[in-house]
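Below is one structure, written out as structure tokens; comments come after it.
The model shown is predicted, which means the values in this text are computed figures rather than measured ones. Atoms within each ligand, like the ligands themselves, are counted from 1 in listed order.
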Amino acid sequence: MISSVGMPTRKRSASPAPADGPLVDTFGRVHTDLRISVTDRCNFRCSYCMPAENMTWLRREGILTFEEIERVARVLKGLGVIAVRLTGGEPLARADLPVLVAKLAAIGFDDLSLTTNGVGLPHLAQALVDAGLQRVNVSCDSLDRERFASITRRDALDAVLAGMDAAEAAGLAPVKVNVVLMRDVNDDEVVDFAAFARKTGRPVRFIEYMPLDAAHAWERPDVVPAREIVERIDAVFPLEAVGSRDDDPAPADRYRFADGRGEIGVIASVTDAFCGSCNRLRLTADGALRNCLFATQESSVRDLLRAGSSDADLEALCRRVVWSKAAGHGIDAPNFTPPERSMSQIGG
Ligand code: SAM
Ligand code: SF4
């Protein structure tokens, strides 16, 4: 069953960040995974992420150029980052994305992936593969057209399914499917999504709903605990755990169907946080480095870049940001306040 990694214990006192060695925080967590948001804009308005209207967008000149992103990524590669995932907003809404993918691929990360709502994939999948993209996760929260439209505020289920097909046809297999489950919204589809994983061979990742919605409407009872998701699927399609979270910093707890027909994963961001093994750093579209989705502070790497700073200055900033990482997201703490920016503004 789901292993409990819990909160880390502090290894070092709050001394200055180390000047060399791996990108480490005061709890000894080594950071090797970078999420890059390339835009805060999106063609969907998912209710758990964005408001229906009146979103305030970042100004274009405030958004990092591809050359600026490339420079930060190169500095972080030098500090031990091996995996990069592009996200947003909707990353495929950023013009010429394959150009950025080619720049990042040339840096030579072990893993270069993308999270998308999928609508742009029929048009872009081949160009992204040609540029060096290795993997893709496509978000899809309902297999029912009307419900999909009500969650995303766009009638686009068929377009998203076509996007998954296009990704596979371009060689991005396996296409993983991200599903945010919300109580009494789409949790009745949990077994349908398991059947979808079995039928298509696409691993489905069920993500617990987090308090990162623009409306600040999240409430704890809206969360469908990962353990419940596993139990409900296991009752219909028996599951076997694959590996253990203790051996793998990836946030998903993976399960294969006992009859060998595919797999699912659950991301227990709320009920069984993986903070203890978190190895992730985030770069927002406007160039803020964040050490956690829930961080209440961030540091502008863009300002350093545009002030003509050296790579050594950028490196020192990256080290400080990681060093100042908190033990965990603290959702259960009585004084928890969600970050000012919502999910699409940070980059999920
Ligand atoms: N637009 C792309 C997409 O939807 O895949 C990439 C950006 S989106 C912010 C990245 C992931 O975050 C998606 O899988 C989305 O479902 C998830 N997400 C957004 N808001 C969330 C929330 N409040 N709780 C949990 N996951 C969320
Ligand atoms: Fe857009 Fe992704 Fe947020 Fe949905 S979850 S509104 S597709 S950024």
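Among residue pairs with one or both ends in residues 160-174, those qualifying as salt bridge (Lys or Arg N to Asp or Glu O under 4.0 Å) are Asp165-Arg202, Glu168-Arg202; sequence neighbours excluded.
More than 12 non-hydrogen atoms from other residues, nucleotides or ligands lie less than 6.0 angstrom from CD of Glu240.
Salt-bridge annotation for Asp155 and Arg145: present, with a side-chain N of the basic residue lying under 4.0 Å from a carboxylate O of the acidic one. The pair Arg227-Glu231 does not meet the salt-bridge criterion, since no charged nitrogen lies less than 4.0 angstrom from a carboxylate oxygen. Ion pair Arg74/Asp311 not flagged as a salt bridge, since none of the NZ, NE, NH1 or NH2 atoms sits closer than 4.0 Å to an Asp/Glu carboxylate oxygen. Between Glu67 and Lys103, at least one side-chain N (NZ, or NE/NH1/NH2) sits under 4.0 Å from a carboxylate O, which counts as a salt bridge. Arg341 has no carboxylate O lying under 4.0 Å from a charged side-chain N of Asp40, or vice versa, which leaves the two without a salt bridge.
Nearest to atom 12 (O) of ligand 1 among the protein's heavy atoms is Met343 CE, 3.7 Å. For atom 26 (N) of ligand 1, the closest heavy atom belonging to the protein is Val180 CG2, 3.5 Å. Among protein heavy atoms, atom 2 (C) of ligand 1 sits closest to Glu90 OE1, 3.4 Å.
As a member of the Ile/Leu/Val/Met/Phe/Trp/Tyr network built from side-chain separations under 4.5 Å, Ile82 groups with nothing else and remains a singleton.
Atoms of ligand 1 found under 4.0 Å from any heavy atom of Gly89 (numbered from 1 in listed order, with element): 1 (N), 2 (C), 6 (C), 7 (C). Contact atoms of ligand 1 toward Asn178: 14 (O) (distance under 4.0 Å to a heavy atom of the residue). Atom numbering of ligand 1 starts at 1 in the shown order; those under 4.0 Å from a heavy atom of Tyr209 are 23 (N), 24 (N). Taking every heavy atom of Thr87 and a limit of under 4.0 angstrom, the matching atoms of ligand 1 come to 6 (C), 7 (C). Applying the 4.0 Å criterion to heavy atoms of Gly88 picks out, from ligand 1, the atoms 7 (C), 9 (C). In summary, the atoms of ligand 1 found under 4.0 Å from a heavy atom of Glu208, numbered by their order in the structure, are 25 (C). Near Asn117, meaning under 4.0 Å from one of its heavy atoms, ligand 1 places the atoms 2 (C), 3 (C), 5 (O).
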Donor-acceptor contacts, no H, no angles, side chain residues 123-132, under 3.5 Å, sequence neighbours left out:
unit_1	atom_1	unit_2	atom_2	d
Gln126	NE2	Asp130	OD1	3.1

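Of the polar atoms of Tyr48, at least one N or O is found under 3.5 Å from an N or O of ligand 1, judged by distance alone. Ligand 1 has a nitrogen or oxygen under 3.5 angstrom from a nitrogen or oxygen of Ser139. The shortest N/O to N/O separation between Thr115 and ligand 1 does not fall below 3.5 Å. Between Met210 and ligand 1, at least one N/O pair is under 3.5 Å apart.
A side-chain N or O of Glu90 and one of Thr116 form a donor-acceptor pair less than 3.5 Å apart. Donor-acceptor pairing under 3.5 Å is recorded for the side chains of Asn279 and Thr32. Judged purely by distance below 3.5 Å, without hydrogens or angles, the side chains of Tyr48 and Asp141 pair a donor atom with an acceptor atom.
Only backbone heavy atoms of Thr116 (N, CA, C or O) come within less than 4.0 Å of ligand 1; its side chain stays farther off.
Ordered by chain and number, Cys49 SG make up the set of protein N, O or S atoms under 2.8 Å of atom 3 (Fe) of ligand 2.
The nearest pair of heavy atoms linking Val160 to Phe44 is CG2-CZ, 3.9 Å.
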